[in-house]
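In what follows, a structure is listed as structure tokens, so that the remarks can point back to it.
On a predicted model such as this, the values are computed, not experimentally measured, just so you know.
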Amino acid sequence: RRSIGELTAIVEKEMYTFAARGGESLTLRPEATAGIVRASITNGLLHNQRQKVWCMGPMFRYERPQKGRYRQFHQIDVEALGFPGPDVDAELIMMSARLWRRLGLRGLVLNLNSLGTPESRKVYRARLVEYFRRHESSLDADSLRRLDGNPMRILDSKNPALREVVAGAPLITDHLDPESSEHFAELRRQLDAAGIPCVVNPRLVRGLDYYSRTVFEWVTTDLGAQDAGDAVPAIGWALGEERIVELMRLQGLAEDGAAPDAYLVLAGSAAEAAGLPLAESLRDTVPGLRIETNCGGGSFKSQLKRADRSGARCAIIVGDDEVARQVATLKLLREDAGQKQVPLDGLAAE
């Protein structure tokens, strides 16, 4: 309730909350982010640290089942915690675009918006309330309830009768603070450099209160109704993941954590601009290659320390001078073998 927001659809209408034996109130998790952040804070993972984490598992929401939406569904969740700049936003969007390509999916469109900071959003919220007050007679019951508590959710209304009123509302992109505007412009530039088209949608607000700055979603019109098929003979099996993992640990088969193959060190503005497209190009050329790109800036020395802590076998060092000469410096981190310069067009093979 605190993190997702009391007046959001998830908390108001979709959470499965019930009293357990003994009277304790239990809720089936509706999404993963709040739990990941809580776990990171509780276990001190954000104290002078930055984390890139992921999880997957079942989530539960009480909503009308439709076109691929179920009340129990499984979610893959990716989070980068402690990275302030737009580069990590671009990296996560590129990762999702790569997933669609690997799966062979077509026709997905990236919608993009910025919600600015909580401070700039307060100014916008006041303008929005003022606007909707002038059109109060046209609002439905849901929108009237949200007007004082969460007026931005009115922009996400699915009621066709409100389409004209919502279309005339002030745009949040016109009320961004300067830093958020610059952040959003740089994100779009990086996506453009990576060849990922997007549609800027100022009405995209998302249904959770903890969002700030970048919000995005991939949309498709291809999820048609699914017909029930003929009766089909079938056999299957299921396994308990925890029991398999424990058996692998006992037999010495479990990995301690998959380290990246390479850490991309970026020194200078031209290098930072070239970094994410370079990482994507290497991933395209060498399927399965694990590259961690330095996000959030930092001195050359601090980036090399991050590279070493990542467990990567080597560091790929790109500075402004290397960009100009179309080369990269390859430095092995786990053996005393010095470093060598490699042309960018031969880097994947190296």
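- Checking Thr33 against Glu79 by side-chain atom types alone, a donor-acceptor pair falls below 3.5 Å.
- Between Ala32 and Cys55, the closest heavy-atom pair is CB-SG, 3.9 Å.
- Counting heavy atoms of neighbouring residues, nucleotides and ligands inside a 6.0 Å radius, atom CZ of Arg102 does not exceed 12 of them.
- The existence of a salt bridge linking Arg98 and Asp284 is confirmed by a sub-4.0 Å separation between a basic side-chain nitrogen and an acidic carboxylate oxygen.
- Listed by chain and residue number, His175 satisfy the side-chain hydrogen bond (donor to acceptor under 3.5 Å, both in side chains) test with Arg127 (two or more places apart in sequence, or in another chain).
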Thr285 and Leu347: CA distance, side-chain angles, deciding distance, side chain to side chain contact (heavy atoms under 4.5 Å, CB included) verdict: CA-CA 10 Å; Thr285 310; Leu347 188 57; over 6 Å; no

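- At least one side-chain heavy atom of Leu282 sits less than 4.5 Å from a side-chain heavy atom of Ile316.
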Would Tyr16 and Tyr62 count as a ring-ring contact (aromatic ring centres under 6.0 Å, His included) here? Give the steps. CA-CA 7 Å; Tyr16 284 95; Tyr62 187 85; 5.7 Å; yes

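- Under a 4.0 Å N-O distance rule, the pair Glu280/Arg283 qualifies as a salt bridge.
- No donor-acceptor contact under 3.5 angstrom links the side chains of Glu217 and Asn111, judged on distance only.
- Here the side chains of Phe73 and Pro58 are not in contact, with every heavy-atom distance at 4.5 Å or above.
- Ile76 CD1: 12 or fewer foreign heavy atoms inside a 6.0 Å radius.
- Ser180 and Arg213 share a donor-acceptor pair across their side chains, judged by distance under 3.5 Å alone.
- Side-chain contact between Val165 and Phe132 is present, with at least one heavy-atom pair separated by less than 4.5 Å.
- Applying the salt bridge (Lys or Arg N to Asp or Glu O under 4.0 Å) test to every pair with at least one member in residues 300-316, sequence neighbours left out, gives these pairs: Asp308-Arg334.
- Salt bridge Lys340/Glu350: present, at least one basic N to carboxylate O contact under 4.0 Å.
- Comment: Arg325 engages Asp321 in a salt bridge, judged by a side-chain N to carboxylate O separation of less than 4.0 angstrom.
- For Gln72, the CD atom is densely surrounded, since the number of other residues' heavy atoms within 6.0 Å is greater than 12.
- Rounding to the nearest 0.5 Å gives a distance of 10.5 Å between CG of Asp177 and NE2 of His183.
- In this structure, CD on Gln190 lies 12.5 Å from CZ on Arg188, to the nearest 0.5 angstrom.
- In this structure, the side chains of Val53 and Ile36 come closer than 4.5 Å at one or more pairs of heavy atoms.
- Judged by distance alone, the side chains of Thr17 and Thr27 do bring a donor and an acceptor atom under 3.5 Å apart.
- For Gln341, the CD atom counts as densely surrounded, since its 6.0 Å shell holds more than 12 non-hydrogen atoms of other residues, nucleotides or ligands.
- For the atom pair Glu186 CD and Ser181 OG, the distance stands at 13.5 Å (nearest 0.5 Å).
- Here the side chains of Leu112 and Leu187 are in contact, with some heavy-atom distance below 4.5 Å.
- Between Glu130 and Arg133 there is no salt bridge, since no side-chain nitrogen of the basic residue lies less than 4.0 Å from a carboxylate oxygen of the acidic one.
- Looking at heavy atoms from C-beta onward, Leu304 lies in side-chain contact with Ile317 at the 4.5 angstrom threshold.
- Judged as a side-chain hydrogen bond (donor to acceptor under 3.5 Å, both in side chains), and not counting sequence neighbours, Ser281 has no contacts.
- Between the side chains of Asn159 and Asp140, at least one donor-acceptor pair of N or O atoms lies under 3.5 Å.
- To the nearest 0.5 Å, atom SG of residue Cys295 and atom CG of residue Leu92 are 8.0 Å apart.
- Within the 4.5 Å cutoff, no side-chain heavy atoms of Phe83 are placed close to those of Glu91.
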Begin with the C-alpha distance, continue with both residues' side-chain angles, and end with the deciding distance and a verdict on salt bridge (Lys or Arg N to Asp or Glu O under 4.0 Å) for Asp192 and Arg189. CA-CA 5 Å; Asp192 189 53; Arg189 190 202 63 74; over 6 Å; no

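- Between Leu155 and Leu128, the closest side-chain pair of non-hydrogen atoms falls below 4.5 Å.
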